[in-house]
Amino acid sequence: MSLWRLEYLRLVRTYRVWILLGIFGFFAVLGPATAKWLPEIVERLGGGVEVAVPPASPELAMAQYLGNALQIGLLAIAFVAASSLAFDANVEMATFLRTRTTVAKILEPRYVINMVAAVASFLIGSALAFVLSALLIDAPRIGGTVIGSLLVALYICFAVSVTGLFASLVRSVPGTALLTIGALIVLSIVGLIPAIRPWLPSDLVGGYDALINGGDFVYWRAIASAALLSVGAIAFSVYRMQRREV
Amino acid sequence: MEHAAVDVQDITKRYGDTVALEDVTLSVGRGSVYGLVGPNGAGKTTLLGILSGLRKPTAGTFGVDAAHIGVLPDTPRFDSWLTASEVVELSRALVAPGVAESSVDAVLEQTGLLSVAHRRVGGFSRGMLQRLGLAAAVIGEPEVLLLDEPAAALDPAGRREVLDMVSELRGASTVVFSSHILDDVQQVCDTVGILKQGQLVYEGTLDQLVRNAGHEAAYAVRIRGDGTQLVDVLKSYGWVSRVSLESEVVTVSAASGAVLERELVRCLARADVPIVSVRPVERSLEDVFLEVTQ
């Protein structure tokens, strides 16, 4: 039994990984389905009222997937990551680990496995949305989908790092998760300022839609800031937790 | 102290204005069992937290001469979805990767948990969790063991087993063991430290503690029949400070234990009373503890 297996078991035995897969899988089905059949659904439920609905397109299907999945998915990712990274929330369990190994060794598998689980869930959902969109409507741009998915994957890693940062500042799991969500929302609001937006990690999410729609790749600054801020957040969390008393 | 495994020098710990420990100095000899006693809030858990590296002292220094320290918190808890075997195996892998995996079963057997080794710990009682915590602490034979109330949640049989385990560790490991159950401390500890409001008010052996408390010695004389006459006879001697009669037991106290031991039997012979037994009345650690801490 290693700390890596401990984290793997936490994901599997507590159904956390199935929750993540379920959320992204559900929206991967819902996105293309609503894009395909939304005009008919609206027409049947409209009761004679005319509602303008965009025509079904693979771009709309993928946008539906990302828009819905990332909202609920980020909330789930924050809670799943917080339940692992905020290990000081339970003093006795923290005592067990801290008296046997270093904080860095405790956190290493927790960061990696939570990032892998969250990113894999999103990518599986993205691939499923791609396939369903191709079957139901038309194939989205494969290059845009792949690169856009990788941009969102980096954003998810950033979100997990932010969760770790807050886990080092507060001790509670809900507190850590809610602060993470709050910080990501604030980041999105700050991103409304055009001059700052290209530098923010939140711009990576916009890259998904833009690249699937055939837009240019202009995300180097967001990639750099997301990578740097993630590394900084992880390093800070290790530093803080090493100095924290239990 | 020479060969001290745990050495604490003038440790002070403050939480804001609250003083949890104040100028505590103590030393624990290698291979000994040290009992840390004191009322709730005396600073026992804080001191163990400092020794285990989980808390930092505000002032003072300490040293624990051990490559591997085993720690048992007062209310051990583990991820509920792990099995007992996995908890101990994780502990082994972290602190003693060189120790054979088969030692996990041996330790679980030693703590009475082998039959539930593959059950998830979420359903364990507090006593079972305490045994599991002890199993996880002793795996790999740590040089120093810090046990915070290790028998607090156990039934009498479980307590006996845990105390026996601690006794068996004497010599192989240095044990610092906090408890408010004085009987437990009395049974297994070589040395005791009494904490009161963050201060170490006594450190020494249990014999010294009871002997140095400055109180009179006493003997209990069990007789057959009415003891009133014996009580009157004993009261007539100048060296007797107190005599009491309860049922058929006459308790005789004297300021000097030596005089009591020399004179009592002589006086009993003169009194011509049927004697069943004569034994010294040992003052319990609890009696002395209450005197020291109140």
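What you see below is based on every heavy atom in this structure, not just the backbone, and it leaves out hydrogens, waters and symmetry mates. We name chains A, B, ... by the order of the sequence lines, and we start the count at 1 in each one.
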Does anything in residues 2-10 of chain A reach chain B? List residues with heavy atoms under 4.5 Å apart, or say none. A:S2, A:L3, A:L6, A:L9, A:R10
Side chain to side chain, A:I72 and A:N68, heavy atoms closer than 4.5 Å: no
Any chance you could measure B:E89, atom CD, to B:E101, atom CD, to the nearest 0.5 Å? 4.5 Å
Counting C-beta onward and ignoring hydrogens, is there a side-chain heavy-atom pair between A:F96 and B:L90 closer than 4.5 Å? yes
Using a 3.5 Å distance criterion without hydrogens, assess whether the side chain of A:S188 forms a donor-acceptor pair with backbone atoms of A:L184. yes
Any sub-3.5 Å donor-acceptor pair from B:R14's side-chain atoms to B:A20's backbone N or O? no
Are the side chains of A:F130 and A:I142 in touch, meaning some heavy atoms are under 4.5 Å apart? yes
Would you say B:T191's side chain and B:Y34's backbone share a donor-acceptor pair under 3.5 angstrom? no
For chain A, find its close neighbours in residues 58-86 of chain B: heavy-atom separation under 4.5 Å, sorted by number, or none. B:I69, B:V71, B:P73, B:T75, B:P76, B:R77, B:F78, B:D79, B:W81, B:L82, B:T83, B:E86
So CD of B:E22 and CG of B:L200: to nearest 0.5 Å the spacing works out to 12.0 Å
Atom CD of residue position A:Q242 - does it have more than 12 heavy atoms of other residues, nucleotides or ligands inside 6.0 Å? yes
When rounded to the nearest 0.5 angstrom, what distance separates OG in A:S172 from CG in A:N90? 12.5 Å
Just wondering, more than 12 heavy atoms not from A:Y239 lying within 6.0 Å of its OH? no
Taking only heavy atoms into account, what residues of residues 120-146 of chain B are found under 4.5 Å from chain A? B:R120, B:A136, B:A137
So CD of A:Q71 and CG of A:L66: to nearest 0.5 Å the spacing works out to 9.5 Å
Working to the nearest 0.5 angstrom, can you tell me the gap between A:I212 CD1 and A:S149 OG? 6.0 Å
Heavy-atom side-chain contact between B:L154 and B:V162 under 4.5 Å: yes
In residues 98-126 of chain A, which residues are in contact with chain B at a heavy-atom separation under 4.5 Å? A:R98, A:T99, A:R100, A:T101
Approximate separation, where rounding is to 0.5 Å, of A:L178 CG and A:L75 CG: 7.5 Å
State, without any angle test, whether A:R16 and A:S83 hold a side-chain donor-acceptor pair at a distance under 3.5 Å. yes
